[in-house]
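Written below as structure tokens is the structure these notes are about.
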Amino acid sequence: MNIRIIKVLSLLPSSLLLATSSFAATAPTSIAKLYEESFLVGTAIKSGDLKNPPALSSSLSCREFNAFTAENAMKWEHIHPKPDAYDFSMSDQLIKMAEQCDAKVIGHTLVWHQQTPAWVFQDSQGNTLGRDALLARLKGHIETVVGRYKGKVYGWDVVNEALDEEGNLRDSPWRKIIGDDYLIHAFRYAKAADPTAQLYYNDFNLYKKEKVAGAIKLVEQLRNVGERVDAIGMQGHYSLFYPSLSEIEQSMQAIIDAGIDIAITELDVSVLPLPDDAFSGAEITQSFAAHPVYDPYTTGLPEQQQRQLAETYQGLFGLFLKYAGNVNRVTFWGSSDADSWRNNWPIRGRTDYPLIFDRAGQPKLAHQYITQAIN
Ligand code: XIL
């Protein structure tokens with residue numbers, strides 16, 4: 001059935017619904033609808049779905065979620081591939097799709113050291129840019145991108161992954177060239193370009209004490225100089241083997257105690273063996289050699305792991321609900337297992353099962369547990 005009809009039906013008074021009840025009764029309640037009193041439930045939209053949009057009536061993303069983040073389309077290398085060339089084809093499509101699906105758009109991301117072309121940090125001769133020139137370039141980028149979608153993007157991941165694992169600023173080209181205050185400028189430009197959009201600081205491994213302390217300090221520093229940060233984005237690229245719920249809860253509490261809200265921005269839970277014991281995070285350049293030992297479930301996920309995954313998700317959503325007053329959104333990093341980047345990271349070509357819909361788009365046991373968590 002047409003998704004718009006389902007969404008419109010849910011707005012109709014019950015007397016009117018009687019006439020269409022056979023219709024309504026067969027319409028499954030989406031996961032976002034189930035949680036709508038608590039927080040937004042979002043997904044990441046693949047570039048392929050923005051280049052060749054599927055019919056909305058068959059789109060799992062449209063049916064189930066009420067917030068869309070572009071998995072890649074709004075990153076610098078895609079939206080601003082050359083100094084004088086922007087490419088808004090996919091991002092415009094994302095806005096259009098979100099309007100049709102009645103979903104909010106999350107802009108990801110304005111400032112990152114990854115998926116950003118080398119020319120950004122160089123002049124036309126290939127020499128490293130100076131501070132003022134890079135600030136001017138950053139300002140131009142943010143004004144153009146945020147300005148174009150003014151009033152249409154609900155919130156921006158203004159800066160992504162500025163911290164190292166100890167919670168100190170990474171030595172990214174942004175920091176090396178501009179200095180520690182590059183974040184202040186980025187948040188200032190974003191606020192000026194769209195005063196109505198929420199603004200986030202986003203990072204991975206924030207379940208770690210030192211790293212979350214660094215993120216809180218960053219936000220406090222930004223607020224002290226008058227910048228607005230509406231939430232810390234905890235990416236949430238997890239695994240069956242880490243982190244513990246209590247680590248996540250302590251970090252959430254620390255953020256909330258500091259007077260900062262939380263968005264869970266890129267949730268997935270890998271079920272596959274870790275490439276090494278110390279492995280965690282979401283450093284996209286990390287990569288390990290493939291070996292069958294690390295890819296044990298190519299023909300399907302055994303019941304035990306299916307249940308473990310469901311229990312992990314149940315625990316996570318229990319936490320998100322407990323702090324729902326300060327959690328504004330939970331976004332999965334993809335809709336079905338077939339789409340997940342975890343199939344290719346940190347080892348290429350594996351068969352992972354990190355999401356709540358299977359490869360055929362059917363709800364998994366994890367979906368059932370999450371549904372029970374709210375009921
Ligand atoms: C990932 C995408 O899912 C992949 O398709 C891409 O090849 C690499 O980036 N942290 C982030 C996301 O903030 O943008 C990353 O997305 C995953 C880690």
Side-chain angles (χ1 to χ4, degrees), residues 1-7 28 30-33 40-81 86-110 112 114-115 145 148-149 152-157 160 202 233 235-237 263-268 282 284 329-345 348-364 367:
M1 187 191 346
N2 182 308
I3 290 108
R4 302 293 298 169
I5 297 177
I6 299 175
K7 292 209 163 159
S30 77
I31 197 76
K33 181 100 197 134
L40 296 166
V41 181
T43 186
I45 307 294
K46 301 176 78 62
S47 294
D49 286 350
L50 298 171
K51 284 182 193 146
N52 299 301
L56 294 185
S57 54
S58 61
S59 161
L60 184 63
S61 305
C62 189
R63 193 186 74 210
E64 291 292 333
F65 301 98
N66 59 12
F68 294 164
T69 307
E71 185 176 8
N72 289 297
M74 286 180 159
K75 293 172 183 173
W76 196 310
E77 67 180 7
H78 294 288
I79 208 167
H80 189 179
Y86 287 85
D87 180 352
F88 295 116
S89 52
M90 291 192 286
S91 45
D92 283 357
Q93 178 58 35
L94 180 77
I95 304 280
K96 190 171 148 197
M97 179 177 164
E99 274 166 10
Q100 288 167 337
C101 301
D102 204 8
K104 305 248 189 286
V105 176
I106 306 301
H108 175 78
T109 173
L110 298 170
W112 194 16
Q114 304 288 5
Q115 296 184 274
V145 175
R148 182 180 183 88
Y149 299 119
K152 296 185 172 162
V153 166
Y154 180 75
W156 282 97
D157 289 336
N160 198 30
N202 193 51
Q235 288 185 7
H237 294 294
I264 306 296
T265 54
E266 307 182 13
L267 185 60
D268 51 27
I284 67 164
R329 169 171 55 97
V330 176
T331 288
F332 291 91
W333 206 236
S335 298
S336 89
D337 286 341
D339 297 336
S340 171
W341 79 303
R342 302 299 297 257
N343 293 306
N344 289 302
W345 181 91
R348 291 201 67 79
R350 294 196 294 179
T351 306
D352 207 341
Y353 301 81
L355 298 168
I356 62 167
F357 293 95
D358 69 15
R359 285 178 161 68
Q362 295 303 311
K364 294 158 65 177
H367 178 282

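Remember, it's a predicted structure, so these values are computed and weren't measured experimentally. Computed over heavy atoms, backbone and side chain alike; hydrogens, waters and symmetry mates excluded.
- Across all non-hydrogen atoms, the minimal contact from A73 to M90 is CB-CB, 3.6 Å.
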- request: May I have the step-by-step check of side-chain contact (heavy atoms from CB on, under 4.5 Å) for Q115 and N72, ending in yes or no?
  value: CA-CA 9 Å; Q115 296 184 274; N72 289 297; 3.0 Å; yes
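- Each of N202, T331, T69 was checked for a side chain to side chain donor-acceptor pair (under 3.5 Å) with E266, and the lone residue meeting it is N202.
- A donor-acceptor pair shorter than 3.5 Å can be found between the side chains of T43 and S335.
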task: Mind running ring pair (Phe, Tyr, Trp, His ring centres under 6.0 Å) on W341 and H237 for me, showing each step along the way?
output: CA-CA 10 Å; W341 79 303; H237 294 294; 4.9 Å; yes
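- Listed by chain and residue number, E161 satisfy the side-chain hydrogen bond (donor to acceptor under 3.5 Å, both in side chains) test with W112 (two or more places apart in sequence, or in another chain).
- There is no side-chain donor-acceptor pair under 3.5 Å between Q114 and N160.
- Annotation: salt bridge (charged side-chain N to carboxylate O under 4.0 Å, His left out) contacts of D92 (sequence neighbours excluded): R148.
- Between E64 and S30, the closest heavy-atom pair is OE1-CA, 3.4 Å.
- Listed by chain and residue number, Y86 satisfy the ring-ring contact (aromatic ring centres under 6.0 Å, His included) test with F88 (two or more places apart in sequence, or in another chain).
- In this view, Y353 satisfies the ring-ring contact (aromatic ring centres under 6.0 Å, His included) rule with no residue, not counting sequence neighbours.
- Judged purely by atom type and a 3.5 angstrom limit, N66 has no side-chain atom pairing as donor or acceptor with the backbone of A103.
- H108 is linked by a ring-ring contact (aromatic ring centres under 6.0 Å, His included) to W333, counting only residues two or more places apart in sequence or in another chain.
- Pairs passing the salt bridge (Lys or Arg N to Asp or Glu O under 4.0 Å) check and including a residue from residues 330-340, sequence neighbours excluded, read D337-K364.
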